[in-house]
Peer 1: 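Provided herewith is a single structure, encoded as structure tokens, for subsequent inquiry.
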Amino acid sequence: MRARTRKRTGRTRAPARTGRRTALLAVGALTAGLLLTAPQPASAANLITNPGFETAGADDMPHCWEKSGWGDNDFSFTTTSDAHSGDRAMKVELTRRAEGDRKALITESAACAPVVTPGGQYDLGLWYKSTTPDASLTLFRHDETAGWQYWTDLKTLDMRPAAWTEATVRTPEVPAGTDRISWGVSVYGTGAVTTDDYTMEQVTEPVPEPGCTGTARECADGAWEVLPTKNPVRSMHSVVLHNGKVLLIAGSGNSEELFEAGTFTSAVYDPQDGTYEIVPTPDDMFCAGHVQLQDGRVLVMSGNKGYPSADGTIGYQGYKDSYVFDPETETYSRTNDMNDGHWYPSATILGNGDVISFGGLREDSTGSVTADLWSDAEQRWLPMNRVNQTWSYWGLYPSMILMQDGRLFYSGSHVFGNNIPGTGSAIYDYDANTVTEVPGLRRKDERDQSASVLLPPAQDQKVLTLGGGNIDSNPDANRLTDIIDLKQANPSYVAGPPIPQGTVDYGDGPVPQTGDQGKMYLSAVLLPDGKVLETGGGLHNRADPVFETSIFDPASETFDPVAVDPEARGYHSSAFLLPDGRVMTTGDNPGNGGWNHDVSVYSPPYLFKGERPVITSLIDSEWTYGDTQRITVDRPIAKAELIRPAAVTHSSDPNQRFVDLPLSVEGDDGTTVDLNVTSNPDLAPPGWYMLFAVDAGGVPSVAEWVHLQGPAALTAKDAGAHVHDFAEAPEGKVTGPGRKRSAQPVPPTVSGCDRHYGSANVCVPTAFPAEVAETAAARCAWLERNDYGTLQVNGKDDPLRLDGNRDGVACGKGDVRRG
């Protein structure tokens, strides 16, 4: 991993609890002082007061402008006569920099900061000269409740040492609760930036009249279609490739019979023609980890070395094998081995293109406490002595989300049973090798197979966690949602709105959910209009499918129930965004060992609301950090974004993210658009992305594929990305590396199945739902309703008392009295 220095948001704060360096410069409200000329008011169009620095203020700063910044650097703020117009311009210079930045901002006061309208957009502009490549246009917003806070970086300024250059950019929609903004230029590398003649105007482009090209219901709720061709493999892993196809990995598909036969499968699905191509698969990648590498290949790590023993004394085992799938040749190739087995591992790509993996089960079915690191530079798994280790057990498929400063946020979403000890969520700092607990996650031991997603846009650093249950105790799955804002100094989950209820099928047809019933096994998918689709799920461990689909709006933090997938989508199901803006769902593996091969596709409401914008030209598909990239569209758009393609399994895709691209509109017709790419690889890890252009009505284009290049793009910059430090003072318990150990003990019933009955791919629950009485008759009736069929008793033990006549068959004739 590359070395990182976490940086503050440009505000002076009290010293952090961690003892890190504090800002060297206090920021005052610089609204008073000796005025050399009459104050320059904001004009009717330009919302900036004193836009050309012609009126002086206090502390050697112009009226309505303030000094800001932090860190270990030598700097100066000067008013210079080298102006674009008038007599004065503002120069910010760094002559030495170890860390931090300096910026001149509009004073954060009611007298100076421009008033804005929530939901509105604003065109910002300035003239500048720059002798450094390390400068960006930075925004802060005033929240009516929380006060002033960092909002976003909009644009990286190119080096222009000699000639005055104009820079323009459009803000995203102003968040709800925002009444004013402040902005200016951040300098975070040695050199000087001189600015003058700031402008800020509200965008008045009309919102297109909403049309409807479908039925009224389709326009409100979208529509599902079950495709005529079934998925030929029992896939539980879905990866959207940068050629628009979908890799569907099954391995043995949770079938012990296929495992024993050595029948391991994958398929490549082509949405263009609806065909499937079966791919030779060298190993059992059932319950592996996977992630797209920066070159577009797919790294597949670990998988299933062995199923549980018939007597239940040995659990699943994970191998050390690892493979890379090449979308061009549609073949797998072997890499070097991982340091440990990881059945159900995490897989998170980092800002330098490396991949880090935690958790899962080892080759002996104990829990892995080994962190494994794939080196992008060396194209191999690094030896253990080159990887920081805390010897922590993170569980199975722990959701590890990359934060904007390179740390990892463990959201609390996981698979199988109870959460990790403590609060159930944490921040892991690889460089410091520390784990800090994060509070607020409700019912942390009932977030088994919940879903977590970094909400749009990634720049906001908010994470939503939805639903979950517990396969060991098997309560009704919950409706909980929790939201955390990682921009806060001491972040904590807060309660979000409950998941809407739908219907549940106990085996006799769907009935309305009641009480607090929610769902586990659900999927969450980022949509190009900036919302989140949640769909699928079940009420209990591999049983009782829930039929409910909603769209979550991060701006209002509300759910809107929409059309429902007609197919059951529980355990081993996947949902993911296609480049055409639809969502595809596959799979379902109930406890009786069956498999749903039907495939559903959802068209969200935005696909029924008139013509879609079209990206008519893409100048370059190879992008680098800090770029400005030009596209043309057939009509004006409101926003554009990059969405990282899915690599999803078991409700988990920690790499899914939606990265806003602030835009500058050129020309009078609004069809030439410059897109401003973040300079921070931790916000948008290197790789292939879907580029969507979205109109003011929320209707997206079909995606174009662009390749965001990795660390090599930053080698010319001494300072690197402009990174703001959120969560810089978390108050939770901090732990460093524990004692070195080989493994974490894990019971062989980790998958919530009683192995005394049936085969390994059949899951008789260790705990039945609460409504099932603890009698053989009630349990056998439940098993019959859920189509378990004949169940052999493995060995002599019959802990659930299902084999009353001891003939070796559970729930057979003569085992229970039937009324």
Peer 1: Spell out, as yes or no, whether a donor-acceptor pair under 3.5 Å connects the side chain of S621 to the backbone of V706.
Peer 2: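 Absent.
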Peer 1: Could you tell me whether a side-chain N or O of S68 sits under 3.5 Å from a main-chain N or O of A104, the two making a donor and an acceptor?
Peer 2: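 Between the backbone of A104 and the side chain of S68 there is no qualifying donor-acceptor contact (under 3.5 Å).
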Peer 1: Any chance CG of D668 has more than 12 other-residue heavy atoms, nucleotides or ligands included, within less than 6.0 Å?
Peer 2: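 No - once you tally the heavy atoms of other residues, nucleotides and ligands closer than 6.0 Å, there are 12 at most.
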Peer 1: Looking at CG of L139 and OG1 of T178, how far apart are the two atoms once the value is rounded to the nearest 0.5 Å?
Peer 2: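 It is 10.5 Å, given to the nearest 0.5 Å.
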Peer 1: Look only at the side chain of Q461 and the backbone of Q404, and say whether a donor-acceptor pair between them is shorter than 3.5 Å.
Peer 2: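 Yes, because the side chain of Q461 sits within donor-acceptor range (under 3.5 Å) of the backbone of Q404.
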Peer 1: Looking only at heavy atoms, which two atoms of I356 and Y430 are closest? And how far apart?
Peer 2: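 Closest approach of I356 to Y430: CD1-CD1, 3.8 Å.
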Peer 1: Using atom types as modelled and distance alone, determine if a side-chain donor or acceptor of R657 lies under 3.5 Å from a backbone N or O of L402.
Peer 2: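 Yes.
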Peer 1: Using a strict threshold of under 4.0 Å (side-chain N to carboxylate O), is an ion pair present between D82 and K129?
Peer 2: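 Salt bridge: yes.
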Peer 1: Can you confirm whether V187 sits close enough to T132 that some side-chain heavy atom of one is under 4.5 Å from a side-chain heavy atom of the other?
Peer 2: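 V187 vs T132: side chains touch.
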Peer 1: Backbone N or O of E54 within a donor-acceptor pair of the N50 side chain at under 3.5 Å?
Peer 2: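 Answer holds: yes.
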Peer 1: Would the distance check show the side chain of E704 and the main-chain N or O of L618 forming a donor-acceptor pair, the cut-off being under 3.5 Å?
Peer 2: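 The answer is no, because no donor-acceptor pair under 3.5 Å joins these two groups.
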Peer 1: Is a donor from one side chain sitting under 3.5 angstrom from an acceptor on the other, for S85 and D197?
Peer 2: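 D197 and S85 do have a side-chain donor-acceptor pair below 3.5 Å.
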Peer 1: Please name the pair of heavy atoms, one in Q629 and one in V677, separated by the smallest distance, quoted to 0.1 Å.
Peer 2: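 Nearest heavy atoms, Q629 then V677: CG-CG2, 4.5 Å.
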Peer 1: Between V532 and L455, is any pair of side-chain heavy atoms under 4.5 Å apart?
Peer 2: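 The answer is yes, as the side chains (C-beta and beyond) meet within the 4.5 Å cut-off.
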Peer 1: Looking at S109, is its backbone amide N or carbonyl O close enough to the side chain of T107 to form a donor-acceptor pair, meaning the two atoms are under 3.5 Å apart?
Peer 2: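 Flag not set: sc T107 to bb S109 has no pair under 3.5 Å.
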Peer 1: Compute the ring centroids of F726 and Y150, then answer whether they are less than 6.0 Å apart.
Peer 2: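 For F726 and Y150, the ring centres are under 6.0 Å apart.
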Peer 1: Could you tell me which non-hydrogen atom of I48 sits nearest to which non-hydrogen atom of T199, and how far apart they are?
Peer 2: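 Result for this residue pair: CG1-C, 4.0 Å.
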Peer 1: Start with the C-alpha gap between V355 and L293, add the side-chain angles, then the distance that decides, and say whether side chain to side chain contact (heavy atoms under 4.5 Å, CB included) holds.
Peer 2: CA-CA 8 Å; V355 174; L293 298 172; 3.9 Å; yes
Peer 1: Would you mind checking if D59 and K67 are paired as a salt bridge, meaning a charged N to carboxylate O distance below 4.0 Å?
Peer 2: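 Yes.
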Peer 1: Could you check whether T632 and T671, counting side-chain N and O atoms only, form a donor-acceptor pair closer than 3.5 Å?
Peer 2: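 There is no such pair (donor and acceptor under 3.5 Å, judged by atom type) between the side chains of T671 and T632.
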Peer 1: Between D682 and N680, which heavy-atom pair has the shortest distance, and what is it?
Peer 2: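 Smallest heavy-atom distance, with atoms named: N-OD1, 2.9 Å.
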Peer 1: Are T171 and L124 packed together at the side-chain level, in the sense that at least one heavy-atom pair is separated by less than 4.5 angstrom?
Peer 2: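 Yes, at least one pair of side-chain atoms sits under 4.5 Å.
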Peer 1: Would you say D60's side chain and G57's backbone share a donor-acceptor pair under 3.5 angstrom?
Peer 2: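 Absent.
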Peer 1: Compute whether any side-chain donor of one residue and acceptor of the other, for Q149 and D143, lie under 3.5 angstrom apart.
Peer 2: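 The criterion, which ignores hydrogens and geometry beyond distance, is not satisfied for D143 and Q149.
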Peer 1: Work out which heavy atom in T49 is nearest to a heavy atom in C112; give both atom names and the distance.
Peer 2: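 Closest heavy-atom pair between T49 and C112: OG1-O, 4.4 Å.
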Peer 1: Do the side chain of R97 and the main chain of Y188 share a donor and acceptor less than 3.5 angstrom apart?
Peer 2: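 Yes; at least one donor-acceptor contact below 3.5 Å.
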Peer 1: May I ask you to test the T138-T152 pair for a side-chain heavy-atom distance under 4.5 Å?
Peer 2: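 No, their side chains stay 4.5 Å or more apart.
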Peer 1: State, yes or no, whether a side-chain contact exists between V92 and F75 at a heavy-atom distance under 4.5 Å.
Peer 2: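 When only atoms from C-beta onward are counted, F75 and V92 do not touch, as no gap falls below 4.5 Å.
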Peer 1: Enumerate the side-chain hydrogen bond (donor to acceptor under 3.5 Å, both in side chains) contacts for residues 110-128, please, sequence neighbours excluded, ordered by first and then second residue.
Peer 2: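 Residue pairs passing side-chain hydrogen bond (donor to acceptor under 3.5 Å, both in side chains), neighbours aside: D123-R170.
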Peer 1: Would you call D405 and R407 a salt bridge, taking side-chain N to carboxylate O under 4.0 Å as the test?
Peer 2: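 R407 and D405: salt-bridged.
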Peer 1: Drop me the distance from S701's OG to I615's CD1, to the nearest 0.5 angstrom.
Peer 2: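 The OG atom of S701 sits 3.5 Å away from the CD1 atom of I615.
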Peer 1: Can you find a heavy atom in the side chain of T168 that is under 4.5 Å from one in the side chain of E666?
Peer 2: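 Yes, side chains in contact.
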Peer 1: Roughly how far, to the nearest 0.5 Å, is OG of S425 from CD1 of I401?
Peer 2: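 That separation rounds to 10.5 Å.
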Peer 1: Please report the C-alpha distance between T194 and M90 in whole Å, then the side-chain angles of each, then the deciding distance to 0.1 Å, and finally whether the side chain to side chain contact (heavy atoms under 4.5 Å, CB included) criterion is met.
Peer 2: CA-CA 5 Å; T194 305; M90 172 57 63; over 6 Å; no
Peer 1: Apply ring-ring contact (aromatic ring centres under 6.0 Å, His included) to Y198 and W183, showing your working.
Peer 2: CA-CA 10 Å; Y198 283 63; W183 57 282; 5.1 Å; yes
Peer 1: Side-chain donor-acceptor pair under 3.5 Å between D134 and H722, yes or no?
Peer 2: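 H722 and D134 do not have a side-chain donor-acceptor pair below 3.5 Å.
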Peer 1: I'd like to check T628 versus K155 (side-chain heavy atoms, cut-off strictly below 4.5 Å). Are they in contact?
Peer 2: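 A side-chain contact exists here, since the closest heavy-atom pair is under 4.5 Å.
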Peer 1: Between W151 and V174, does a side chain to side chain contact (heavy atoms under 4.5 Å, CB included) hold up when you go through it step by step?
Peer 2: CA-CA 10 Å; W151 181 7; V174 173; 4.1 Å; yes
Peer 1: Looking only at side chains, do Q294 and Q709 share a donor and an acceptor under 3.5 Å apart?
Peer 2: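 No, because no side-chain N or O of Q294 sits under 3.5 Å from a partner of the opposite role on Q709.
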Peer 1: Given side chain to side chain contact (heavy atoms under 4.5 Å, CB included), test M200 with V116 step by step and report yes or no.
Peer 2: CA-CA 10 Å; M200 175 177 169; V116 293; 3.6 Å; yes
Peer 1: Between R102 and L94, is any pair of side-chain heavy atoms under 4.5 Å apart?
Peer 2: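 They are in side-chain contact.
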Peer 1: With sequence neighbours excluded, give me every ring pair (Phe, Tyr, Trp, His ring centres under 6.0 Å) pair touching residues 159-178.
Peer 2: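 Listed once each, the pairs are H84-W164.
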Peer 1: Is any NZ, NE, NH1 or NH2 atom of the basic residue among D72 and R96 found under 4.0 Å from an Asp or Glu carboxylate oxygen of the other?
Peer 2: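 A salt bridge links D72 with R96.
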Peer 1: Give a yes or no answer on whether the side chain of R180 reaches the backbone of A113 with a donor-acceptor pair at less than 3.5 Å.
Peer 2: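 Flag set: sc R180 to bb A113 pair under 3.5 Å.
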Peer 1: Relative to F53, does R88 satisfy both conditions: NZ or CZ under 6.0 angstrom from the six-membered ring centre, and within 45 degrees of the ring's axis?
Peer 2: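 Judged by the rule (NZ or CZ under 6.0 Å from the ring centre, within 45° of its axis), R88 is not positioned above F53.
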Peer 1: Where do V435 and A426 come nearest, in terms of heavy atoms and distance?
Peer 2: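 Residues V435 and A426, closest heavy atoms: CG1-CB, 3.8 Å.
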